[in-house]
Structure formats: C-alpha cells, structure tokens
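Quick caveat, the model's predicted, so the values are computed rather than measured.
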Amino acid sequence: LLKLDPLTISVKLKSKQVATLRATGAGRFADATELNALNGTLQLTALPGETLNPLLGLWSQTRIGRAQIDGHADVAVDEGHARWQVDVRGKGLHLQLSDTSTDVPPLDLQIKQRGEFDRMVKTLRLDQLNVQVVERRRSVATLSLDQPLTLNLTQGKEGRGSKAGGSSEP
C-alpha cells in the first residue's frame, strides 16, 4: 500500500514559484495495481507557456513562443470514478505554426472544464466545457456546451470505437 499524506510539490523557474501540486491518496501494488483514492490540486501562477512545448509536441508540431498561464485544476479519483474541474487562462499566447512563416498575433485563451470518467463502465461525461479565444480584446472564437456530453468508450461487439451517448437531440 502506497499512501500520499499529503504530498506538496512546488515548481520554481528562476527563483519564482510558478506551480504547486498538492495531493493525497492511496494505491495498492500487487498482481494488479489499484488506485484506491487520489485527490489533488494544481495551481499555476505566471507559468511560462513555452514550458508546455514538450507536452504539446506529443500531438502537434505547433509550439508556444511565449505566454503566461494562470489557473487551477482539481482532481478526485476513487475506485470507480475520476472527477475534475479545470480553470486555466493563457495571456499573450504566441503560437509558432510549423507550416507557415506568417506571424500569429498574440491571443488570450480561457478554458473551463468540469467532467467525470466512470472507470467501471468506461463513460466520459463533460458537464462543462467553455473555451474563449480573444485577440486584442475582441472575441475571435468561443466554444461551449449547452448541455452535458456523455461518451461511451467501451469497445462494441463489431470492434468499433466509442459512440456518443446521452440525448439524441443536438
């Protein structure tokens, strides 16, 4: 049995604290590893956006030239569910696109998301998703859910991927 009671990690860049992770939890290591409980909070304060480039590089060739990222994320995991709530703001986000030499103007980005994953039946539910992109104080893109979205992530008998669940109405 591994117990985190509590764990606090602080990240400093150039002697300035930019992130704090706090977690408590318990997990069991045996034939099959089990996560019994995990609760955590991540607080970001003026995190330089370019520090996220290695993570961004896993699925995109776009890079962050500069940005300042603030916000927090709360996560709670138990034997059956994972729940999260995220509120992140990126200020002065300057993207470097790999396929163009055109200079992309700096953007402000705000993302709020709240959801849950049922580990037993493999369903993902997004209760809230709001994304707003602003350029020079003018909103250029907004994405938001007007009702919760549920995705069934179990493999079907035909071997096909996930299907959207919930309401049949758009």
Side-chain angles (χ1 to χ4, degrees), residues 1-29 33-79 81-119 124-145 149 151 153:
L1 181 67
L2 173 67
K3 222 175 183 181
L4 300 175
D5 192 26
L7 171 70
T8 301
I9 298 173
S10 296
V11 177
K12 292 184 179 185
L13 294 175
K14 298 179 182 175
S15 301
K16 182 179 176 186
Q17 186 167 320
V18 295
T20 304
L21 172 67
R22 290 184 178 83
T24 60
R28 183 173 312 279
F29 295 94
T33 302
E34 298 175 21
L35 180 62
N36 297 11
L38 176 67
N39 292 302
T41 301
L42 175 64
Q43 183 72 40
L44 302 174
T45 307
L47 177 73
E50 54 273 19
T51 60
L52 300 177
N53 281 335
L55 179 63
L56 185 61
L58 294 174
W59 66 86
S60 174
Q61 292 185 13
T62 299
R63 297 286 177 259
I64 299 173
R66 63 184 172 274
Q68 176 179 307
I69 301 173
D70 298 290
H72 72 275
D74 297 313
V75 177
V77 179
D78 60 31
E79 292 174 345
H81 294 87
R83 296 172 185 87
W84 63 89
Q85 185 166 341
V86 176
D87 184 354
V88 178
R89 293 163 308 287
K91 191 172 188 178
L93 180 67
H94 185 261
L95 297 176
Q96 297 171 338
L97 306 177
S98 62
D99 58 350
T100 182
S101 62
T102 306
D103 195 26
V104 177
L107 303 169
D108 292 340
L109 177 69
Q110 182 171 5
I111 301 171
K112 290 184 179 185
Q113 185 188 73
R114 185 177 67 244
E116 175 179 343
F117 178 66
D118 187 319
R119 297 168 64 188
L124 174 70
R125 178 180 169 101
L126 293 178
D127 294 314
Q128 176 188 25
L129 175 62
N130 294 321
V131 178
Q132 184 170 21
V133 181
V134 176
E135 177 188 353
R136 296 182 188 120
R137 298 183 195 167
R138 184 177 58 92
S139 181
V140 293
T142 301
L143 167 73
S144 103
L145 293 176
L149 173 67
L151 300 173
L153 302 177

Closest approach of [X] and [Y], non-hydrogen atoms and distance?
| X | Y | value |
| --- | --- | --- |
| Asn53 | Ile64 | OD1-N, 2.7 Å |
| Trp84 | Gln113 | NE1-OE1, 2.9 Å |
| Ser144 | Asn130 | CB-OD1, 3.0 Å |
| Gly57 | Arg63 | CA-NH1, 3.3 Å |
| Pro105 | Glu135 | CG-OE2, 3.2 Å |

[X] [atom1] to [Y] [atom2] distance, which is reported to the nearest 0.5 Å:
| X | Y | atom1 | atom2 | result |
| --- | --- | --- | --- | --- |
| Asn39 | Arg83 | CG | CZ | 10.0 Å |
| Leu109 | Lys91 | CG | NZ | 13.5 Å |
| Lys112 | Arg89 | NZ | CZ | 8.0 Å |
| Leu97 | Thr62 | CG | OG1 | 5.0 Å |
| Arg136 | Asp108 | CZ | CG | 11.5 Å |
| Leu145 | Leu143 | CG | CG | 6.5 Å |

Inset, instruction - Decide yes or no for Gln110 and Asp87: does some side-chain heavy atom of the first lie under 4.5 Å from some side-chain heavy atom of the second? - result: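 Result yes, sub-4.5 Å side-chain heavy-atom pair found.
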Legend entry - Heavy-atom side-chain contact between Val133 and Leu93 under 4.5 Å: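 Heavy-atom side-chain distance check fails, nothing below 4.5 Å.
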Legend entry - For Phe117, the option from Leu126, Leu151, Leu124, Val77 that meets side chain to side chain contact (heavy atoms under 4.5 Å, CB included):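 Testing Phe117 for a side chain to side chain contact (heavy atoms under 4.5 Å, CB included) against Leu126, Leu151, Leu124, Val77 leaves exactly one candidate, Leu124.
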Under 3.5 Å, which donor-acceptor pairs link side chains of residues 65-74 to any protein atom two or more places apart or in another chain?
from: Gln68; atom 1: NE2; to: Asp70; atom 2: OD2; distance (Å): 3.3
from: Asp70; atom 1: OD1; to: Ala46; atom 2: N; distance (Å): 2.7
from: Asp74; atom 1: OD1; to: Thr41; atom 2: OG1; distance (Å): 3.1

Inset, instruction - Please check if atom CZ in Arg22 has more than 12 non-hydrogen atoms from other residues, nucleotides or ligands closer than 6.0 Å. - result: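 Open: at most 12 neighbouring heavy atoms sit under 6.0 Å from CZ of Arg22.
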Inset, instruction - Given side chain to side chain contact (heavy atoms under 4.5 Å, CB included), test Leu42 with Val75 step by step and report yes or no. - result: CA-CA 9 Å; Leu42 175 64; Val75 177; over 6 Å; no
Legend entry - Arg119 side chain vs Asp78 backbone, donor-acceptor pair below 3.5 Å: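 At least one qualifying donor-acceptor pair exists.
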